[in-house]
Amino acid sequence: MTAPPDDEPPRAVIEAPLPHRLRATTFADDDRAAIRFILRLARALHRYGTPSHRLEDALAVVARQLGVTAEVFTTPTTLILSFGEPAALRTRMLRVEGAGLDVGRLAAVDALASDVIARRISPDEGLARIDAIEAAPAIYGRITTIAANVVSAGAFAVFFGGALADVIAAAVIGLVVGLLGLVMQRSSNQARVYEVSAAGLAAFAAVALAARWPVNPSLVTVAALLVLLPGMTLTTAMTELATRNLIAGTARMMSAVIVLLQLVVGVALGQRLAQAVFVVHATVPAPLPAWAPWVALAASAVAMTVVVQAQPRALGWIVAACALGYVGTHAGTEWLGGTGDPLGDQLGVAVGAFALGVLANAYARWLDRPAQVVLVPATILLVPGSMGLRGMTSLLDRHTLTGVDTMFAMFVTAMAIVGGLLLANATVSPRRVL
């Protein structure tokens, strides 16, 4: 059989019945530019911590405004986007990894997307601006970020009921953990064991300090590590599950559990090594003044602003959201069961989450900026990451009933936060998807 010329398709394809023919999808130049922009936008929004349910909604809005038919599916590590009519789709899968929370860049990318869909700039210009946003230096430098870790560790020790010695010890260990992260993040291999190393170092240092000074090593360890705890990841996973993004929510949930296990193993190793060297005596902490939690609240709000790389102009809103969430949680605890009632403590956080959710949505409506800018740093102060660490540690120590009870309380608290935030969205809509 003589082969057909190079420029002539095989006869089998020419004579194939119509239903079996494959036709390449064609796009106009404007559509190609829009698709390139949507793909780049999807990667940027995912990178800066957008949850799956918000990311899918945002990309659907952008595609519709740009006149492109698109279907979007996201997970914590994958983006799948299909463009075109159902009978002739072109699909692109992107392997993605988050770069951590960066609500400053998230707000910049969101504003850029608004300019593109409003036709103030072209999609190609939008691509160039996304590159500029990603290449720009961080809002806060490394020294400022480490200082925020120190302040947040000391503030969390106050929230946990620590004495002045506990606050100082947590701040010192927070400094060590921050410096360790600065060193280990330079290598991908070292970064993979950062959580284990930081937890081990923090636990060892806490026990060592407790052998010389009257500090509570368990409290100090949890306070110093709270920034590393996956409480926000857990809450986001619960939100995704509640909004029927089951694959993304399940994957993110397992990611949070793995990080918890890494921290628990590191803490256990550090404590065992330190206890073999030092002798720790039980201490009774001296209570701090009644105004100390308010100072800690203001300090932690500023620290969280730096940790999530929020723009300085949002600081006032973030402080207000943190205060509202704190007051709302205490009021909800009293209302739903009173102080000392475990279920009341777990459900009371729903009131705080509702209050800060309403404020974040009001921020989005009035200033036309993403609610995430205010919501994320304030929610971090509510999330139950420390409960997960304590629960996993109890299970590791064979205190099964205590561990299971604490882990269950963690999930109840996380679901209470999600319920409060979803109710806030139903009460005061942000009028935007981010």
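For this chain, numbers begin at 1 and follow the sequence in order.
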Do [X] and [Y] make a side-chain contact, defined as non-hydrogen atoms from C-beta onward lying under 4.5 Å apart?
X	Y	answer
T239	H53	yes
L421	L375	yes
N361	N425	yes
L66	F37	yes
L79	L55	yes
D31	F83	no
M232	V376	yes
P123	R36	no

If you compare all heavy atoms of [X] against all heavy atoms of [Y], which two are closest, and at what distance to 0.1 Å?
X	Y	answer
C322	P377	SG-O, 4.3 Å
F411	M238	O-CE, 3.9 Å
M410	L260	SD-CD1, 4.3 Å
A256	T233	CB-CG2, 4.0 Å
A224	I173	CB-CG2, 3.6 Å
L356	G325	CD2-CA, 4.1 Å

TODO: Compute whether any side-chain donor of one residue and acceptor of the other, for D124 and S122, lie under 3.5 angstrom apart.
DONE: no
Calculate, to the nearest 0.5 Å, the distance between atoms [atom1] and [atom2] belonging to [X] and [Y] respectively.
X	Y	atom1	atom2	answer
R43	L94	CZ	CG	5.0 Å
Y48	L101	OH	CG	12.5 Å
L246	L241	CG	CG	6.5 Å
T250	N245	OG1	CG	10.0 Å
L263	L226	CG	CG	10.5 Å
W317	R369	CH2	CZ	9.5 Å

Do side-chain atoms of [X] reach the backbone of [Y] as a donor and acceptor pair under 3.5 angstrom?
X	Y	value
D115	I121	no
D166	A163	yes
S255	A251	no
Q309	Y140	yes
T145	G141	yes
S82	E71	no
Q65	A118	no
R244	A242	yes
Q271	A203	no
R105	A136	yes

Counting neighbours of [atom1] on [X] that are heavy atoms of other residues, nucleotides or ligands and sit closer than 6.0 Å, is the number greater than 12?
X	atom1	answer
R120	CZ	yes
L261	CG	yes
I143	CD1	no

Open item on the list: Check the orientation of Y326 and F159. Use parallel for under 30°, tilted for 30 to 60°, and perpendicular for over 60°.
Closed with: tilted
TODO: Determine, stepwise, if the pair L41 / V116 fulfils side-chain contact (heavy atoms from CB on, under 4.5 Å).
DONE: CA-CA 11 Å; L41 177 67; V116 172; over 6 Å; no
Task: Evaluation steps, side-chain contact (heavy atoms from CB on, under 4.5 Å), between I380 and V308 - done: CA-CA 10 Å; I380 290 177; V308 302; 3.8 Å; yes
Open item on the list: side-chain contact (heavy atoms from CB on, under 4.5 Å), that's the test. Do D131 and R40 meet it? Break it down for me.
Closed with: CA-CA 9 Å; D131 291 337; R40 195 72 174 82; 2.8 Å; yes
Output a table of donor-acceptor pairs, distance under 3.5 Å, between side-chain atoms of residues 192-200 and any protein atom two or more places apart or on a different chain; print 'none' if there are none.
from : atom 1 : to   : atom 2 : distance (Å)
R192 : NH1    : N189 : OD1    : 3.0
Y194 : OH     : V177 : O      : 3.0
S197 : OG     : V193 : O      : 2.8

Task: D102/R47 ion pair, N-O < 4.0 Å - done: no
